[in-house]
Visitor: 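So that we are looking at the same thing, I have put the structure below in structure tokens.
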Amino acid sequence: MPIHRLGAASSALADLGAGQRAAATIAELNERAREVLRLVVEGYVETGEPVGSRALTRRLTETLSPATIRNIMADLQDLGLLYAPHTSAGRLPTDAGLRLFVNGLLEVGNISEEERESIEARCATAGRSVTEALEQATALLSGLSRCAGLVMAPKTEQPLKHIEFVHLGPGRALVVTVTQSGHVENRVIDTPLGMPASALVEASNYLNARLIGRTLEEARRLILEDLKLKRAELNDLTARVIESGIATWAGEPGSALIVRGQARLLEDITAIEDLERVRMLFDALERGESFVRLLELANSASGVQIFIGADNPLFSNTGCSMVVAPFRDSQERILGAIGVIGPTRLNYARIIPLVDYTARAIGRVVG
């Protein structure tokens, strides 16, 4: 499988100061220390257990005694890259050690052709709304990575092509909006009981005459002004349907956060305090503010971004990391971001290309 190093230049850090310190540290490490750090991280990712000097003697390319390896590990610990969770000789990487590994030592492979085809199929919007396609892509990414998948997509501001009200039953109707690029969004609204079908047709005709070529927000302002000045010759029921429809647009959030596979984060958790920290993490994500900030950081540089533990206050003390990448339209405008959240011992070599390819696939179909 082709591999490449993920250098600091291709993965911007959330904390630039930490990134500069990590870059300086890796330049100071000799080849032995780099290999020991790499093997400790790889062992931790594989087992979640501390890695001892005797285990390393069997994996090092150069023959070194356990005493020499212990000295190297002690030096790495003094640099803040490893720590000893117990009094035993085994070591685990710190968040700084993981960051150094990801930025300078990680070898990233390619995803399989089967995985590419699965991602492309889940991202396709044929017969589905953009939101449904994003949900499918996020669920697939969660399954492939065995982590929690998440995506943030802003409210579309693309010009509209068509709108239609579809009767669903007494007191309910479906509002279908189609943008000029072919994106379809559906909203269910309440309608007056006993309203004739002709009122829905009249409302559709009225809106289509005014919204073509305008964004939802532009159309909403125009129609509200039109209704306010009573320039439109509408009966009361039709006016109420239109007001209900545009109220759904006004109530849309500036962006939507979709999270799938949260339970995967809990599979390796045994301590109650760890469970509580993960719960608090998802509470913060649901509020959206912290993730918006992470999205802004991800958008500040191209490609996949990695946030590890203390890199960001959102993940501090949670034992979690996030790998995220923005997706863009054909004009390279950022539309949103998709990624995964998992334990700090993520299989970064596998997950980074998965996130990267999924973001690119989404950009191709929604942009």
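In this chain, numbering begins with 1 at the start of the sequence shown.
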Visitor: Tell me every residue that passes side-chain contact (heavy atoms from CB on, under 4.5 Å) with Arg350, counting only those two or more places apart in sequence or in another chain.
Guide: Glu115, Leu144, Asn347, Leu354
Visitor: Consider side-chain contact (heavy atoms from CB on, under 4.5 Å). Of Leu200, Val201, Leu174, which one does Phe165 pass it with?
Guide: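 Per the side-chain contact (heavy atoms from CB on, under 4.5 Å) rule, the option paired with Phe165 is Leu200, out of Leu200, Val201, Leu174.
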Visitor: Side chain of Arg345, backbone of Glu49: donor and acceptor closer than 3.5 Å?
Guide: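 Such a contact is absent between Arg345 side chain and Glu49 backbone.
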Visitor: Going by the side chain to side chain donor-acceptor pair (under 3.5 Å) test, which pairs reach into residues 73-85, not counting sequence neighbours?
Guide: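 Residue pairs with at least one partner in residues 73-85: Gln77-Arg91.
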Visitor: Going by the rule side-chain contact (heavy atoms from CB on, under 4.5 Å), which residues pair with Glu113 if we only count those two or more places apart in sequence or in a different chain?
Guide: Arg116, Glu117
Visitor: How many angstroms lie between SG in Cys147 and CG in Leu346, if you round to the nearest 0.5 Å?
Guide: 4.5 Å
Visitor: Rounded to the nearest 0.5 Å, how far apart are CE of Met322 and CD1 of Ile308?
Guide: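 These two atoms lie 11.5 Å from each other.
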Visitor: Taking side-chain contact (heavy atoms from CB on, under 4.5 Å) as the test, write out the residues that go with His162, two or more places apart.
Guide: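 For His162, the residues satisfying side-chain contact (heavy atoms from CB on, under 4.5 Å) (neighbours in sequence not counted) are Glu164, Val178, Asn208.
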Visitor: Rounded to the nearest 0.5 Å, how far does CG of Leu60 lie from CD of Glu35?
Guide: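 Atom-to-atom, Glu35:CD and Leu60:CG are 5.0 Å apart.
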Visitor: Suppose we screen for side chain to side chain donor-acceptor pair (under 3.5 Å). Which residues come up paired with Ser204, at least two apart in sequence or across chains?
Guide: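 Not a single residue meets the side chain to side chain donor-acceptor pair (under 3.5 Å) criterion with Ser204.
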Visitor: Go through the structure and list residues passing side chain to side chain donor-acceptor pair (under 3.5 Å) with Ser142, not counting sequence neighbours.
Guide: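 Partners of Ser142 by the side chain to side chain donor-acceptor pair (under 3.5 Å) criterion, ordered by chain and then number, come out as Arg264.
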Visitor: How close do Gly97 and Val41 get, heavy atom to heavy atom, and via which atoms?
Guide: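 Distance-wise, the nearest heavy atoms are O-CG2, 4.5 Å.
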Visitor: Can you list everything that forms a side chain to side chain donor-acceptor pair (under 3.5 Å) with Arg172? Sequence neighbours excluded, please.
Guide: none
Visitor: Quick one: is the NZ or CZ of Arg364 closer than 6.0 Å to the six-membered ring centre of Tyr357, and within 45° of its axis?
Guide: yes
Visitor: Taking only residues two or more places apart in sequence or in another chain, which ones pass side-chain contact (heavy atoms from CB on, under 4.5 Å) with Thr68?
Guide: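 Checked Thr68 against side-chain contact (heavy atoms from CB on, under 4.5 Å); matches are Arg32, Leu64, Ser65, Ile72.
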